[in-house]
> 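I'd like to ask some things about the structure below.
Here is the naming used below: chain letters follow the sequence lines, and residue numbers restart at 1 for every chain. Worth knowing before you read on, the calculation uses all heavy atoms, side chains too, and leaves out hydrogens, waters and symmetry mates.
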2 protein chains.
Amino acid sequence: MTAMAPPHAEQPDLSFLLDHTGHVLRSRMAAALAEIGLTARMHCVLVHAIGEERTQAQLAEIGDMDKTTMVVTVDALEKAGLAERRPSSTDRRARVIAVTDAGAEVAHRSQRIVDRVHREALESLPEDERVVLLRALERLTKGHLAEPVEQPQPVRRARQRTV
Amino acid sequence: MTAMAPPHAEQPDLSFLLDHTGHVLRSRMAAALAEIGLTARMHCVLVHAIGEERTQAQLAEIGDMDKTTMVVTVDALEKAGLAERRPSSTDRRARVIAVTDAGAEVAHRSQRIVDRVHREALESLPEDERVVLLRALERLTKGHLAEPVEQPQPVRRARQRTV
DNA sequence: TATTGTTATACTCTATAACTATA
DNA sequence: TATAGTTATAGAGTATAACAATA
């Protein structure tokens, strides 16, 4: 959003273009999914929990979420009756996320919403631009912009013991 | 980051592609600017305050920041000796942001850093893809993805009066 | 009455650390 | 000892409301 480039910049403002389009698309996606009571994270967990026996840790990995964020997301899915925690049959520490019948139905609808939002954006472009845009973004994602650079983390104090 | 599309999605996952590339580029930009002690916001304010007599409100508009965020940003620039608040000659409520000599020098360096980070990303693409990527992102920015959709804001209680 | 900039603070988001149960 | 999941909470980021000065 923050414009990095003043009028005399030598390079196009790729930061602004990616941030802006990403932000607006995210807002559209959030609004569209909110109509059926989902967040983007809930959708992500739901669709990846269908058909496969996946633990919270595995789903967190797929959605690039922290395990504590996953707890909150699964709480929300359980509360909405869309998924359930079940003990893993192979590891008594782990919980498998089982999608309910209602959850499977919602997942089907939410995937259609996601596809629609993406299609609407992509169809606003001429076909040749659309194809090259996707190819370029995939190339960046696998290449030069594959991994974030690590910033030095601020030191974090231990939390107070509660016992 | 959150993958919106499972393997059976009908549309390419534009959300993921824009979020991921935007996030990684932002992390690179932040790391590069941190080497000369700037944040992206400080850079943005600095380069747009040069040459023009602009108030905080005008600079906030340009960078799409809240006016309270602008206060923090200008505080940081003043503390670093890169800019100063001066009373506006035409409106005694307003403060004009004047860039110091040191600030102008830093702004020149930071713009070179910004251009370099953008150039490195863009040059990782074949020229034809690069041109079309920029054209497509600009088309989306001016067209289908011009404005975020408004989400219903959560209600906010009044803060306690301090007097 | 409306606006500029400031302060105080509420709220969200995310992640760290501690913890329990189990491997 | 290490890992899955949970809880509590720290900290960053951001935005709202109230406020003083001025338009």
Side-chain angles (χ1 to χ4, degrees), chain A residues 1-2 19 23 26-27 30 39-42 45 49 53-79 83-97 148 150-163, chain B residues 1-2 19 23 26-27 30 34 39-42 45 49 53-61 63-78 83-98 148 150-163:
Chain A
M1 245 90 72
T2 296
D19 283 353
H23 172 70
R26 188 160 45 241
S27 81
T39 61
R41 287 216 175 103
M42 289 165 77
V45 170
E53 290 249 316
R54 289 194 165 124
T55 65
Q56 290 187 203
Q58 289 168 336
L59 291 165
E61 168 78 23
I62 291 170
D64 194 29
M65 297 176 221
D66 192 86
K67 61 182 179 174
T68 59
T69 306
M70 181 58 59
V71 170
V72 177
T73 307
V74 174
D75 284 350
L77 288 172
E78 276 204 326
K79 198 173 167 188
E84 288 168 13
R85 289 171 167 98
R86 299 216 182 122
S88 163
S89 51
T90 55
D91 184 339
R92 280 197 290 170
R93 291 170 305 180
R95 318 287 202 96
V96 161
I97 303 306
E150 297 300 322
Q151 287 289 95
Q153 308 279 52
V155 193
R156 191 74 165 273
R157 278 179 303 173
R159 75 179 169 92
Q160 301 308 313
R161 288 168 136 260
T162 45
V163 183
Chain B
M1 241 91 78
T2 296
D19 284 353
H23 172 70
R26 188 160 45 243
S27 81
T39 62
R41 287 216 174 101
M42 288 165 77
V45 170
E53 289 249 314
R54 289 191 165 125
T55 65
Q56 290 188 202
Q58 290 168 335
L59 291 166
E61 168 79 23
D64 193 30
M65 297 177 221
D66 191 86
K67 61 181 179 174
T68 58
T69 304
M70 181 58 59
V71 169
V72 177
T73 307
V74 174
D75 283 351
L77 288 173
E78 277 205 324
E84 288 168 14
R85 290 171 167 98
R86 300 216 182 123
S88 162
S89 51
T90 56
D91 184 340
R92 279 197 291 169
R93 292 171 304 182
R95 318 286 201 96
V96 161
I97 303 307
E150 296 299 321
Q151 288 287 97
Q153 307 279 53
V155 194
R156 190 76 164 271
R157 279 178 303 174
R159 77 179 167 92
Q160 302 307 311
R161 286 167 138 261
T162 45
V163 183

> Output the rounded distance in Å from CZ (B:R92) to C1' (D:dA21).
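Those two atoms, CZ and C1', are 9 Å apart.
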> Quick one: pull up CG in A:L59 and CG in A:L77 and give me the separation to the nearest 0.5 Å.
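Atom-to-atom, A:L59:CG and A:L77:CG are 9.5 Å apart.
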> Restricting to nitrogen or oxygen on both sides, can you table the protein-nucleotides 2-4 of chain D pairs closer than 3.5 Å?
unit_1, atom_1, unit_2, atom_2, d
D:dT3, O4', A:R93, NH1, 3.4
D:dT3, O2, A:R93, NH1, 2.6

> Taking only residues two or more places apart in sequence, or in another chain, which ones meet B:R92 in a side chain to side chain donor-acceptor pair (under 3.5 Å)?
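With neighbours one apart ignored, the set is empty.
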> When rounded to the nearest 0.5 angstrom, what distance separates CE in A:M42 from NZ in A:K79?
10.0 Å
> Mapping B:V74 and A:T68 onto DNA chain C by nearest heavy atom, which one lands closer to the 5' end?
B:V74
> Of the non-hydrogen atoms in A:P148 and B:S27, which two are nearest, and what is the gap between them?
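Answer, listing the atom of A:P148 first, then B:S27: CA-OG, 3.4 Å.
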> Rounding to an integer number of Å, can you tell me how far B:D66 CG sits from C:dT9 P?
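About 18 Å, once rounded to whole Å.
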> Rounded off to whole Å, could you give me the CZ-to-C1' distance for the B:R54 and C:dT4 pair?
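Rounded to whole Å, this separation is 17 Å.
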> Atom CD of A:E78 to atom P of D:dG5: distance rounded to whole Å?
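Distance, rounded to whole Å: 12 Å.
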> To the closest 0.5 Å, what do you measure between CD (A:Q56) and CD1 (A:I97)?
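If I round to the nearest 0.5 Å, the distance is 4.5 Å.
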> State whether B:D75 and B:R85 are salt-bridged, where the test is any N-O pair (Lys NZ or Arg NE/NH1/NH2 against Asp/Glu carboxylate O) under 4.0 Å.
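So B:D75 pairs with B:R85 through a salt bridge.
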> Using the side-chain heavy atoms of A:T69, tell me which of these nucleotides is nearest: D:dG5, C:dA15, C:dA8.
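So the side chain of A:T69 is nearest to C:dA15.
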> In whole Å, what is the span from the CE atom of A:M65 to the C1' atom of D:dG5?
15 Å
> Roughly how many Å is it from CE in B:M70 to P in C:dT7, rounded to a whole number?
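Atom CE in B:M70 sits about 15 Å away from atom P in C:dT7.
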> So, does B:R41 get its side chain near the phosphate of D:dG13, meaning an N or O under 4.0 Å from OP1 or OP2?
no
> In whole Å, what is the span from the CD atom of B:E61 to the P atom of C:dG5?
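Rounded to the whole Å, the gap is 13 Å.
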